[in-house]
Enquirer: 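Below is a structure I'd like to ask you about.
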Amino acid sequence: TRTPVNVTVTGAAGQIGYALLFRIASGHLLGPDVPVNLRLLEIPQGLKAAEGTAMELDDCAFPLLRGIEITDDPNVGFAGANVALLVGARPRTKGMERGDLLAANGGIFKPQGKAINDHAADDIKVLVVGNPANTNALIAQAAAPDVPAERFTAMTRLDHNRAISQLAAKTGAAVSDIKKLTIWGNHSATQYPDIFHAEIAGKNAAEVVNDEVWLADTFIPTVAKRGAAIIEARGASSAASAANAAIDHVHTWVNGTAEGDWTSMGIPSDGSYGVPEGIISSFPVTTKDGAYEIVQGLDINEFSRARIDASVKELTEERDAVKELGLI
Ligand code: NAX
């Protein structure tokens with residue numbers, strides 16, 4: 001029998017946490033043969049609700065769930081963690097400026113990065129879901145100098161999955177026929193979903209669609225503003241789909257991308273595609289044996305270049321702002 005993997009989830013009492021924990025415990029994060037220990041990290045006000053969720057997890061009698069620990073101390077929550085899902089964040093409230101938002105989240109992600117640095121397992125893999133996800137991941141990464149930088153990633157898989165779904169709806173293709181889609185840049189309204197290298201049943205997706213007006217005026221804004229559309233319809237932000245994307249992100253990172261396909265992950269830039277080092281930006285990546293690599297050699301046309309640059313510019317501005325605040 002395998003040693004259980006320690007999975008830490010922050011914001012465990014929130015709505016994404018509620019949609020996420022049961023799937024982790026039932027084996028969807030790491031595989032049907034991998035036992036897990038769950039660590040739920042919350043703030044003091046969230047502990048009671050986290051305990052309630054833990055009671056329900058017990059009541060599922062999941063064969064793979066070996067233990068649940070609940071804490072409001074990051075040093076305890078990340079002790080021995082192999083996988084950390086950083087979901088809890090400070091949402092933007094009315095009248096809050098971007099600087100206030102970045103400062104409030106710095107107060108969360110800096111100490112969490114330090115606790116990961118000091119207490120997590122050597123093979124720790126971190127996924128930041130809490131917004132602004134890319135820059136929160138950068139703050140946590142900067143606070144963890146002893147952890148290889150590439151272990152800190154930000155979630156753009158929900159955007160990736162949304163883009164596949166929109167493309168399938170437009171073309172009548174099955175989602176499983178769509179490969180090599182890319183989300184570039186920031187998990188924000190400036191993100192760029194790129195179909196120029198995507199394939200639909202082996203054919204180039206941009207050629208199949210053959211409609212640049214739809215691409216620019218419908219597809220890209222629909223994907224980028226989907227989060228707001230969900231809030232409008234549901235009266236609450238995306239939760240189950242966000243949890244599903246977090247599961248997909250880690251599952252792919254650990255278990256590998258399929259031959260002939262890739263995925264999108266927010267990762268520390270190595271300078272590829274003219275994206276400057278020092279930010280966490282989304283790229284097309286393949287994964288194997290628990291490591292990822294940026295897909296190299298893609299031709300970037302003018303349409304794509306302008307959009308990638310715009311999103312990267314936003315990320316460098318966020319980076320400059322958190323640097324100014326002393327958060328990195
Ligand atoms: P909720 O407000 O339902 O839950 C957040 C939870 O985090 C709360 O229980 C709160 O007590 C806890 N929390 C706050 N500070 C904490 C800290 N320092 N340590 C531990 N826990 C803490 O939000 P929910 O809907 O679950 O969303 C969570 C985050 O995901 C938000 O920042 C949201 O913006 C972000 N999202 C990111 C997405 C992505 O694609 N990257 C998509 C979905 C989602 O919008």
Side-chain angles (χ1 to χ4, degrees), residues 8-21 39-54 69-78 81 84-93 96 101-116 126-140 143 152-163 183 185-191 193 223-232 234-250 263-267 280-282:
T8 303
V9 178
T10 77
Q15 54 151 4
I16 294 176
Y18 193 74
L20 185 58
L21 291 165
R39 306 272 166 72
L40 315 188
L41 181 64
E42 259 293 346
I43 49 177
Q45 308 89 285
L47 288 176
K48 190 151 185 274
E51 277 161 24
T53 304
E69 212 176 308
I70 304 165
T71 181
D72 60 0
D73 179 352
N75 294 327
V76 174
F78 293 114
L85 303 171
L86 309 190
V87 179
R90 177 70 209 276
R92 190 191 286 260
T93 40
M96 207 176 189
L101 180 74
L102 292 171
N105 279 291
I108 296 173
F109 288 86
K110 196 174 176 178
Q112 289 185 358
K114 171 103 174 56
I116 288 169
V126 181
L127 168 62
V128 176
V129 175
N131 282 319
N134 300 53
T135 297
N136 287 342
L138 183 68
I139 292 168
F152 285 84
T153 66
M155 189 165 95
T156 53
R157 185 62 173 264
L158 179 54
D159 310 303
H160 180 98
N161 289 344
R162 285 167 171 166
I183 303 293
N186 200 1
H187 167 69
S188 76
T190 68
Q191 66 172 272
V223 174
K225 295 178 190 161
R226 186 71 168 177
I230 299 284
I231 293 174
E232 180 65 34
R234 208 173 82 85
S237 60
S238 320
S241 56
N244 178 70
I247 296 275
D248 283 352
H249 177 113
V250 173
T263 190
S264 305
M265 287 170 70
I267 56 172
I280 291 188
S281 190
S282 187

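In each ligand, atom 1 is the first atom listed, and ligand 1 is the first ligand listed. Below, each value reflects all heavy atoms present in this structure, side chains not excepted, and no hydrogens, waters or symmetry copies. Keep in mind the model is a prediction, meaning the values are calculated, not measured.
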Enquirer: Under 4.0 Å from atom 45 (O) of ligand 1, is there at least one protein heavy atom?
Expert: yes
Enquirer: Starting from atom 10 (C) of ligand 1, which protein heavy atom do you reach first, and at what distance in Å?
Expert: E42 OE1, 3.5 Å
Enquirer: Any nitrogen or oxygen of T10, side chain or backbone, less than 3.5 Å from one on ligand 1?
Expert: no
Enquirer: Which heavy atom of the protein is the closest neighbour of atom 6 (C) of ligand 1, given with residue, atom name and distance?
Expert: G11 CA, 3.6 Å
Enquirer: Is ligand 1 less than 4.0 angstrom away from at least one heavy atom of G46?
Expert: no
Enquirer: Under a 4.5 Å cut-off applied to non-hydrogen side-chain atoms, are F152 and L86 in contact?
Expert: no
Enquirer: Is H187 close to ligand 1, meaning an N/O of one under 3.5 Å from an N/O of the other?
Expert: yes
Enquirer: Shortest non-hydrogen contact from D72 to I43?
Expert: CB-C, 4.2 Å
Enquirer: Spell out, as yes or no, whether a donor-acceptor pair under 3.5 Å connects the side chain of T153 to the backbone of V126.
Expert: yes
Enquirer: Considering only heavy atoms of S237, which atoms of ligand 1 have at least one such atom less than 4.0 Å away?
Expert: 25 (O)
Enquirer: What protein heavy atom sits nearest atom 29 (C) of ligand 1, and how far off is it?
Expert: V87 O, 3.2 Å
Enquirer: Which distance, rounded to the nearest 0.5 Å, do you find between the CD1 of I231 and the NZ of K225?
Expert: 14.0 Å
Enquirer: Which heavy atom in Q15 sits nearest to a heavy atom in A236, and how many Å separate them?
Expert: OE1-CB, 4.2 Å
Enquirer: With side chains defined as the heavy atoms from C-beta onward, is the minimum distance between P193 and R162 less than 4.5 Å?
Expert: no
Enquirer: Main chain of G77, side chain of T8: is a donor-acceptor contact present, judged purely on distance under 3.5 Å?
Expert: yes
Enquirer: Taking N or O atoms only and a 3.5 Å limit, does G88 qualify as a polar contact for ligand 1?
Expert: no
Enquirer: Is a side-chain donor or acceptor of N105 paired with a backbone partner of R90 at a separation under 3.5 angstrom?
Expert: yes
Enquirer: Is the side chain of N134 donor-acceptor paired with the backbone N or O of I280 at a distance under 3.5 Å, no angle test?
Expert: yes
Enquirer: What do you reckon, does R90 put a non-hydrogen atom under 4.0 Å from ligand 1?
Expert: no
Enquirer: Give the minimum heavy-atom separation between P111 and G106, together with the two atoms involved.
Expert: CD-O, 3.6 Å
Enquirer: Go through ligand 1 atom by atom and flag the ones less than 4.0 Å from a non-hydrogen atom of L41.
Expert: 20 (C), 21 (N)
Enquirer: Check contact between G227 and ligand 1, using heavy atoms of the residue and a distance below 4.0 angstrom.
Expert: no
Enquirer: Identify the closest protein heavy atom to atom 30 (O) of ligand 1: which residue and atom is it, and at what distance?
Expert: I16 CD1, 3.4 Å
Enquirer: Among all protein non-hydrogen atoms, which one is nearest to atom 34 (O) of ligand 1, and what is the separation to 0.1 Å?
Expert: N131 ND2, 2.8 Å
Enquirer: Looking only at protein heavy atoms, which one is nearest to atom 18 (N) of ligand 1, and how far off is it?
Expert: I108 CG2, 3.4 Å
Enquirer: Identify the heavy atoms of H160 and S264 that sit nearest to each other, and give their distance.
Expert: ND1-OG, 2.8 Å
Enquirer: Can you tell me which residue and heavy atom of the protein come closest to atom 16 (C) of ligand 1, and the distance to 0.1 Å?
Expert: I43 CG2, 3.5 Å
Enquirer: Return the closest protein heavy atom for atom 19 (N) of ligand 1 as residue, atom name and distance.
Expert: Q112 NE2, 3.3 Å
Enquirer: How many angstroms lie between CD1 in I16 and OG in S241, if you round to the nearest 0.5 Å?
Expert: 8.0 Å
Enquirer: Could an N or O of ligand 1 be found under 3.5 Å from any N or O of Q15, whether backbone or side chain?
Expert: yes
Enquirer: Run the numbers for me: atoms of ligand 1, each under 4.0 Å from some heavy atom of A13, listed by number.
Expert: 9 (O)
